[in-house]
Amino acid sequence: MFWVTKFSGIFAAAMLMIVLSPSLQSFPPAEAIRSSHLESYLRFTSQITPNVRLNRFSFRKAPVFRNAGECTSNERRKLGKTGVCDPSLVHVAITLDVEYLRGSIAAVHSILHHSRCPESVFFHFLVSQTNLETLVRSTFPQLKFKVYYFDPERVRNIISTSVRQALEQPLNYARNYLADLLEPCVNRVIYLDSDLVVVDDISKLWSTSLGSKTIGAPEYCHANFTKYFTTSFWSEPRFSGTFSSRKPCYFNTGVMVIDLKKWRRVGYTKRIEKWMDIQKTNRIYELGSLPPYLLVFAGHVAPIEHRWNQHGLGGDNVKGSCRDLHSGPVSLLHWSGSGKPWLRLDSKEPCPLDSLWAPYDLYGFSS
């Protein structure tokens with residue numbers, strides 16, 4: 001985790017003051033990254049030949065990450081009590097696809113790098129392609145993970161057009177089906193988007209209390225909630241009435257802690273699908289997979305500290321312009337929006353904060 005003092009203006013990010021917690025001294029300040037990691041990163045990518053650059057499946061092998069001595073799973077491993085149902089595991093779900101694979105690999109790398117018990121993290125990878133498991137294994141030989149195939153046909157007929165084509169991809173909707181895809185013994189999972197890095201111990205997010213709620217996420221109650229739905233939605237009481245007994249706040253679905261046991265019991269997947277069906281005939285929103293979550297959960301979300309989703313670093317959904325960080329502590333950096341750090345770095349026109357993503361990028365020649 002680190003703290004950020006915000007200065008006015010986006011390019012003042014070059015002067016961010018970052019104070020690290022004792023457990024994360026290995027994460028360098030932004031200026032240090034910019035002057036060393038980023039420059040060497042840009043030199044490295046410029047040396048990659050066009051043929052290799054077209055090979056999106058070329059990743060360097062990650063370092064080996066081991067548990068600290070006090071980790072609970074150390075004793076269980078000695079006793080042979082390991083596997084997906086091990087109650088000492090932290091479960092993390094991430095999608096894997098060709099377009100965002102580089103981001104997913106960087107996200108996993110960042111989680112392992114900052115975890116005190118990296119061998120206690122189990123990754124659940126959601127895919128619609130069947131050729132990615134070998135790549136993950138070669139990049140992270142010691143990783144605990146399982147790959148789950150999500151059939152695009154399951155949602156293709158209920159997906160509506162969105163403001164950005166990337167938001168219409170079926171795999172974006174796989175998170176709706178985690179309760180069905182994951183083993184019944186997995187009662188809780190952290191869902192993460194592919195365009196983020198974690199700079200704190202993931203176990204802190206895992207231990208968040210959800211109370212009586214099914215999902216937890218950072219909420220942003222100052223945001224204009226009405227803009228996430230169309231005028232026809234708000235003018236039709238049978239739709240807008242769903243919020244009549246709630247105090248809904250916007251939350252970003254790229255970082256969520258989910259109680260799968262409760263989700264299965266209530267049947268939230270069907271509730272989300274119901275709103276997606278309504279959208280097909282009534283056009284009640286414009287933004288991909290987010291609005292159905294707001295319709296089902298907004299006002300019933302366990303609030304998580306904002307440090308766990310410094311989102312919007314990818315700019316808006318059209319221009320993807322550079323953004324600054326919010327002031328305060330930071331545990332997770334999220335490039336939601338149309339601008340992705342790996343694309344901007346490759347173009348040699350990165351935003352200042354893209355330098356905080358670069359150290360976790362494993363794209364390049366295999367070692």
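Note: hydrogens, waters and symmetry copies are ignored here, and every other heavy atom, side chains too, is used.
- Minimum heavy-atom separation, Thr95 to Ser104: O-OG, 2.8 Å.
- Contact check on Glu119 versus Lys144 returns no salt bridge, with no Lys/Arg side-chain nitrogen under 4.0 Å from an Asp/Glu carboxylate oxygen.
- Electrostatic pairing of Asp180 and Arg154 counts as a salt bridge here, judged by a charged N lying under 4.0 Å from a carboxylate O.
- Side-chain atoms of Ile94 and Ser194, non-hydrogen and from C-beta on, do get closer than 4.5 Å to each other.
- Of the N and O atoms on the side chains of Glu273 and Tyr177, at least one donor lies less than 3.5 Å from an acceptor on the other residue.
- Atom CD in Gln310 sits 8.5 Å away from atom OG in Ser327 (nearest 0.5 Å).
- With rounding to the nearest 0.5 angstrom, the NZ atom of Lys274 is 13.0 Å from the NZ atom of Lys270.
- When all heavy atoms of Arg283 and Ser232 are compared, the closest pair comes out as O-OG, 3.4 Å.
- Side-chain contact check for Asn187 versus Leu260: every heavy-atom pair is 4.5 Å or farther apart.
- Between the side chains of Asn67 and Ser120, at least one donor N or O sits under 3.5 Å from an acceptor N or O.
- Checked for salt-bridge contact, Lys146 and Glu133 miss the test: no charged N lies under 4.0 Å from a carboxylate O.
- Under 3.5 Å, the side chains of His114 and Tyr360 contain a donor-acceptor pair of N or O atoms.
- Phe122 and His124 have tilted rings, their planes meeting at an angle from 30° to 60° on a 0 to 90° scale.
- Contact of the Pro170 side chain with the Ile159 side chain is registered, since non-hydrogen atoms from C-beta on lie closer than 4.5 Å.
- Salt bridge annotation for Lys340-Asp195: present, with a cationic side-chain nitrogen under 4.0 angstrom from a carboxylate oxygen.
- Side chains of Tyr268 and Asn176: no donor on one and acceptor on the other come within 3.5 Å.
- Between Thr242 and Arg246, the side chains place a donor N or O and an acceptor N or O closer than 3.5 Å (distance only, hydrogens not considered).
- Looking only at side-chain heavy atoms (C-beta outward), Phe297 and Phe251 come within less than 4.5 Å of each other.
- The two residues Arg175 and Tyr191 come nearest to each other via the heavy atoms NH1-CE2, 3.4 Å.
- Paired with Trp342 under the rule ring pair (Phe, Tyr, Trp, His ring centres under 6.0 Å), one option of Trp335, Trp357, Tyr363 passes, and it is Trp357.
- A salt bridge links Asp346 to Arg102: one of the charged nitrogens lies within less than 4.0 Å of a carboxylate oxygen.
- Judged by distance alone, the side chains of Trp263 and Thr269 do bring a donor and an acceptor atom under 3.5 Å apart.
- Note: Tyr250 and His311 have tilted aromatic rings, judged against thresholds of 30 and 60 degrees for the angle between ring planes.
- Scanning all heavy atoms of the two residues, the minimum distance from Ala62 to Leu362 falls at CB-CD1, 3.8 Å.
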Name every donor-acceptor pair, under 3.5 Å, that has one atom in a side chain of residues 298-306 and the other anywhere in the protein, sequence neighbours excluded.
from	atom 1	to	atom 2	distance (Å)
Glu305	OE2	Arg307	NH1	3.0
His306	NE2	Glu219	O	2.5

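- Salt-bridge formation is not detected for the pair Arg188/Asp259: no Lys NZ or Arg NE/NH1/NH2 atom is positioned less than 4.0 Å from an Asp or Glu carboxylate oxygen.
- Taking both residues in full, the closest heavy atoms of Ser110 and Val197 are given as OG-CA, 3.5 Å, listed atom of the first, atom of the second, then distance.
- Annotation for Asn309 and His334: closest pair OD1-ND1, 3.0 Å, computed over non-hydrogen atoms.
- Val186 places a side-chain heavy atom less than 4.5 Å from the side chain of Val84.
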